[in-house]
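Presented below is the structure to which this report refers.
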2 protein chains.
Amino acid sequence: MTTENSVKTTRAGNVPGTTVNDPAPSPALLFDTLNAYQRTAGIKAAIELDVFGAMAGGPGTVEIIASHCHASPRGIRILCDYLTVLGFLTKSGNQYALTPDSALFLNPKSPAYAGGTLQFLLSNEIKGAFEHFTEAARQGGTAQSQDGTVAPEHPVWVSFARSMGPLMVPAAAGLADLIALDQNRPTKVLDISASHCTWSIAFATKNQKTQIVALDWAPVLEVAVENARKAGVADRFCTIAGSAFEVEFGSEYDVVLVPNFLHHFNAADCVRFLKKAHAALRPGGTVAIVEFVPNPDRVTPPAAAGFSLIMLATTPEGDAYTFAEFSDMLARAGFNPPSLCSLPASLNVAVIARK
Amino acid sequence: MTTENSVKTTRAGNVPGTTVNDPAPSPALLFDTLNAYQRTAGIKAAIELDVFGAMAGGPGTVEIIASHCHASPRGIRILCDYLTVLGFLTKSGNQYALTPDSALFLNPKSPAYAGGTLQFLLSNEIKGAFEHFTEAARQGGTAQSQDGTVAPEHPVWVSFARSMGPLMVPAAAGLADLIALDQNRPTKVLDISASHCTWSIAFATKNQKTQIVALDWAPVLEVAVENARKAGVADRFCTIAGSAFEVEFGSEYDVVLVPNFLHHFNAADCVRFLKKAHAALRPGGTVAIVEFVPNPDRVTPPAAAGFSLIMLATTPEGDAYTFAEFSDMLARAGFNPPSLCSLPASLNVAVIARK
């Protein structure tokens, strides 16, 4: 009888989600992927039960966390072990603690709290679209409804605006730092699919003479107005309600911000939009496209490459475009060659070009 | 303006599902986990569309794979890129190819084909239980129904028996190699929760004088009988229908196999069962428990540690037990100290003890 002293040497030790390097065959990746929906359920439960809030003041035992969450010790023990496996917690003896990322993004008292994003990310419009994903892959576009999330006035964008803003704050500040505005004259920033308005508010906060023009569906703009008021920039803020493909933008903008908008559309529509943006800019003005941008191989980096899947499930023709594809679109719209810039604490990058 | 020449250096390059080592904060793990259900949808679509079968004869382009799958090139391109990100395919230029594990487990013509496991793993009884997971974590046991999957005659076990067998073949052969039976006399193997009967059929195939006694719910045993017939061991095969906690086992068994059964129950019930198994064995007989066995820290290795979550979602009191916990249960049931043995191509390990 062959025996081992520890399970540590078994195949079960592979990290889920990574490619198996060991040449021996293993169904680990298959099982991990078929069961991946359980990760979603685990983090959702942890957020809903306030597991992370229970450790905001320091490490906690199962009993302390269960008491804070009004949950059973057995359920909390299994959930916290699972959160440790996933990398959201650390475990030392019988004490669990927040990782630095969990303390920043999952403590409800943190200004960068992102637990609310599940309202959008796990909404019926997004997660529900994946119930029909096999059909979407077969037909090459969303199978949930005719236009998916790009239908006019789709209510999911109100949910997006209400839940996704806080997470964008560091990246928005980073983008505002990348694009210097003239402090000696009034400047104008057009925010396309403004949503929570986090991107343009960062520009207005940094530049005291900057006026924001926020464009989105009318119900979404109510959230934008609220946020502009909270940020103290309501006196330099106005709105345009409607489709970015149809409404008049006005002119003489210094910056047109295009945050996470173009991925919903095909390349021809992106060029059509960028021509409108080009026409609305003053000479030397800047367009800043914030996006998930895969490398030319379209399979790296993982988060940007994987984003195409969400567009396949939720839109008729959206995609995650490469830098070369954005460069081509921008050239066809009349812009100078763009730069690719990373943004802090974000999976997004910025593609920035001048008129 | 700060610029970079490539997105390769951005934070988006982190591998999803792994803990971020970079000290800069990142929401990558949170987003990857909230979106993890998309991995499930992706592999499900690939199996349902026969994407892997399209590359069984060699690498293929989007057009070739789409033609084989009767699917749109756009859907196949995005899906195959995603499968490459996850590690199921490789991509070189415009050609996709199967990894060795995908060729073994996901080519429908492979004898170890495991695509059928989605019938069980994504069944309403298992995946559906996670729709109520927050409540399960709160109350410390399944919130889907009173008894979850351990309800008498639960139909999910027929689905399990029909879909999970092929995957267990290498591990079952490995287990049969670990436990030598006397070739000079008739021997008897009792297979508890026999299901597809893969584990005991491996013993009967290796040992020509071995008789199988398969125990499971009556509808499940129909699958066991079919498989015994296919394996050519039907003349050394009989069944016991009913609950392993209630029916008579008979006596003088050489081996009692307990594959993936004990994790459904609390420790006291496990001991109660093991006492029955002990009584049914001849002196010197062997009990072989096949299980997901986490290390004492309960957070490694990932697949075994994470298995507790499935028991929390789907059973009232089940768990993934450590080797120390199994050793204690076995001692209380009268067994000698056990050994822990790895099994080939499996996330399971075997805990083997003698009477």
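First the proteins, then the strands, lettered A, B, ... as listed; each starts at 1. Predicted model, so just to flag it, every value in this text is computed and none were measured.
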Inset, instruction - Identify which part of A:Ile126 has an atom lying under 4.5 Å from any heavy atom of chain B, answering side chain, backbone, both or neither. - result: both
Inset, instruction - Examine whether an atom of B:Phe31 lies under 4.5 Å from a heavy atom of chain A, and if so say whether it belongs to the side chain, the backbone or both; otherwise answer neither. - result: side chain
Legend entry - Nearest atoms (heavy-atom pairs only) where A:Gln119 meets A:Ser163: CB-CB, 4.3 Å
Inset, instruction - Would you check if there is a donor-acceptor pair between the side chains of B:Glu48 and A:Thr134 at a distance under 3.5 Å? - result: yes
Legend entry - Contact origin within B:Glu135 toward chain A - heavy atom pairs under 4.5 Å: neither
Inset, instruction - Measure A:Ala180 against the heavy atoms of chain B and call it side chain, backbone, both or neither at under 4.5 Å. - result: neither
Legend entry - CG on B:Leu29 to CZ on A:Phe88, rounded to 0.5 Å: 3.5 Å
Legend entry - B:Phe130, part contacting chain A, at a heavy-atom distance under 4.5 Å: both
Inset, instruction - Kindly write out the residues that satisfy side-chain hydrogen bond (donor to acceptor under 3.5 Å, both in side chains) with A:Asn94, not counting sequence neighbours, or none if the list is empty. - result: none
Legend entry - Carboxylate-amine/guanidinium contact A:Lys91 A:Asp81, below 4.0 Å: yes
Legend entry - Under 4.5 Å from a heavy atom of chain B, the part of A:Leu121 involved: both
Inset, instruction - Tell me, out of B:Ile76, B:Ile47, B:Ile310, who's got the most heavy-atom pairs with chain A below 4.5 Å. - result: B:Ile310
Inset, instruction - Select one option (side chain, backbone, both, neither) describing which atoms of B:Leu122 are under 4.5 Å from chain A's heavy atoms. - result: side chain
Legend entry - Which portion of B:Gln139 sits near chain A, non-hydrogen atoms under 4.5 angstrom: backbone
Inset, instruction - Pick whichever of A:Ala103, A:Ala350, A:Ser72 has the most heavy-atom pairs under 4.5 Å with chain B. - result: A:Ser72
Legend entry - Residue selection (most heavy-atom pairs with chain A, distance under 4.5 Å) from B:Thr117, B:Leu118, B:Asp319: B:Asp319
Legend entry - Distance in Å, A:Leu343 CG paired with A:Leu178 CG, rounded so as to fall on 0.5 Å steps: 6.5 Å
Legend entry - Heavy-atom contact with chain A under 4.5 Å, split by part of B:Leu104: side chain
Legend entry - B:Leu30 portion near chain A, given a 4.5 angstrom heavy-atom threshold: both
Legend entry - Cation-aromatic face contact B:Lys44/A:Phe133, 6.0 Å, 45 degrees: no
Inset, instruction - Name the orientation class of the two ring planes belonging to A:His263 and A:Phe292 (parallel below 30°, tilted from 30 to 60°, perpendicular beyond 60°). - result: tilted
Legend entry - Inter-residue atom distance B:Leu347.CG - A:Ser26.OG, 0.5 Å rounding: 5.5 Å
